[in-house]
Amino acid sequence: QSVLTQPPSVSGAPGQRVTISCTGSSSNIGAGYDVHWYQHLPGTAPKLLIYGNNNRPSGVPDRFSGSKSGTSASLAITGLQDEDEADYFCQSHDGSLRIFGGGTKLTVL
Amino acid sequence: QVQLQESGPGLVKPSETLSLTCTVSGGSISNYHGSWIRQPPGKGLEWIGSVFYSGSTNYNPSLSSRVTMSVDTSKNQFSLELHSMTAADTAVYYCARHRYSGSRLDYWGQGTLVTVSS
């Protein structure tokens with residue numbers, strides 16, 4: 001059971017917008033800790049997608065965006081593309097403990 | 001381009017110690033932390049702990065009694081030892097590099113599957 005809760009799966013057609021939620025509690029996200037998002041294609045290294053709640057590393061398309069409110073955070077992907085099909089997981093802190101979401105599999109229909 | 005690569009045995013016997021190494025290329029580990037994270041089959045990610053290039057460590061309390069992390073700056077590597085392995089420790093083990101103790105994980109390795117079985 002992961003500390004941060006994500007939906008197991010989401011799906012969308014090419015060109016559509018999807019969102020992935022990440023729900024925590026008052027001791028982690030709600031306490032003000034940053035939320036980071038990663039994209040993971042099985043068999044490859046996870047890739048940092050969003051850091052500090054809503055910042056994109058260099059090279060990440062602006063189709064990807066993040067937000068945070070209260071005890072939750074969200075990742076939004078607009079203009080869905082086939083290459084976006086992957087696992088996505090969120091990460092934050094609970095004190096000195098680094099915590100993760102259970103991951104969400106995005107299927108592009 | 002910074003790359004991380006985990007190396008170590010794919011199979012460990014129960015009660016033995018797992019030893020993994022993470023080699024960083026394309027960038028230094030000086031002034032950086034290295035974290036170890038694992039994912040058991042069908043389960044979520046679990047942070048094991050981190051080590052700073054100076055050697056200071058921060059472990060997940062749930063595993064701290066069995067974990068030892070170290071760093072070798074001359075080889076640009078950081079290492080994990082997990083003692084008294086059981087079947088519950090079967091997982092894909094990842095290493096990752098980050099700038100500060102509580103910061104994002106900038107770069108990850110692709111992971112290595114470790115199975116605990118006699």
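Values reported hereafter were calculated over all heavy atoms of this structure, with side chains retained and with hydrogens, waters and symmetry mates removed.
Between A:H40 and B:Y94, the closest side-chain pair of non-hydrogen atoms falls below 4.5 Å. With contacts defined as side-chain heavy-atom distances shorter than 4.5 Å, the pair B:L105/A:H36 does not qualify. A:F89 places a side-chain heavy atom less than 4.5 Å from the side chain of B:L45.
Heavy-atom distances place the side chain of B:I37, and not its backbone, under 4.5 Å from chain A. Heavy atoms of B:Y59 lying under 4.5 Å from chain A are absent altogether. Residue contact with chain B, scored on non-hydrogen atoms closer than 4.5 Å, is absent for A:Y33. Heavy atoms of A:S2 lying under 4.5 Å from chain B belong exclusively to its side chain. Contact annotation for B:N60: both backbone and side-chain heavy atoms come within less than 4.5 Å of a heavy atom of chain A.
In this structure, CZ on B:R104 lies 9.5 Å from CG on A:D34, to the nearest 0.5 angstrom.
The heavy-atom pair separating B:W108 from A:A45 by the smallest distance is O-CB, 3.3 Å. Residues A:L97 and B:P61 approach most closely at CD1-CD, 4.1 Å, considering heavy atoms.
Put simply, of A:V35, A:V3, A:L4, A:L48, the one with the most heavy-atom pairs under 4.5 Å next to chain B is A:L48. Most heavy-atom pairs under 4.5 Å with chain B, from the set A:S96, A:S92, A:P46: that is A:P46.
Without hydrogens or angle criteria, A:R98 side chain to B:S50 main chain gives no donor-acceptor distance under 3.5 Å.
In the hydrophobic clustering of ILVMFWY residues, with side-chain heavy atoms under 4.5 Å counting as a link, A:L106 and A:F64 come out together. No continuous path of ILVMFWY side-chain contacts below 4.5 Å connects A:Y38 to B:Y93, so the two sit in separate hydrophobic clusters.
Residue-environment remark: CD (B:E16) exceeds the threshold of 12 foreign heavy atoms within 6.0 Å.
Between A:Y51 and B:H98, the distance from one ring center to the other does not fall under 6.0 angstrom.
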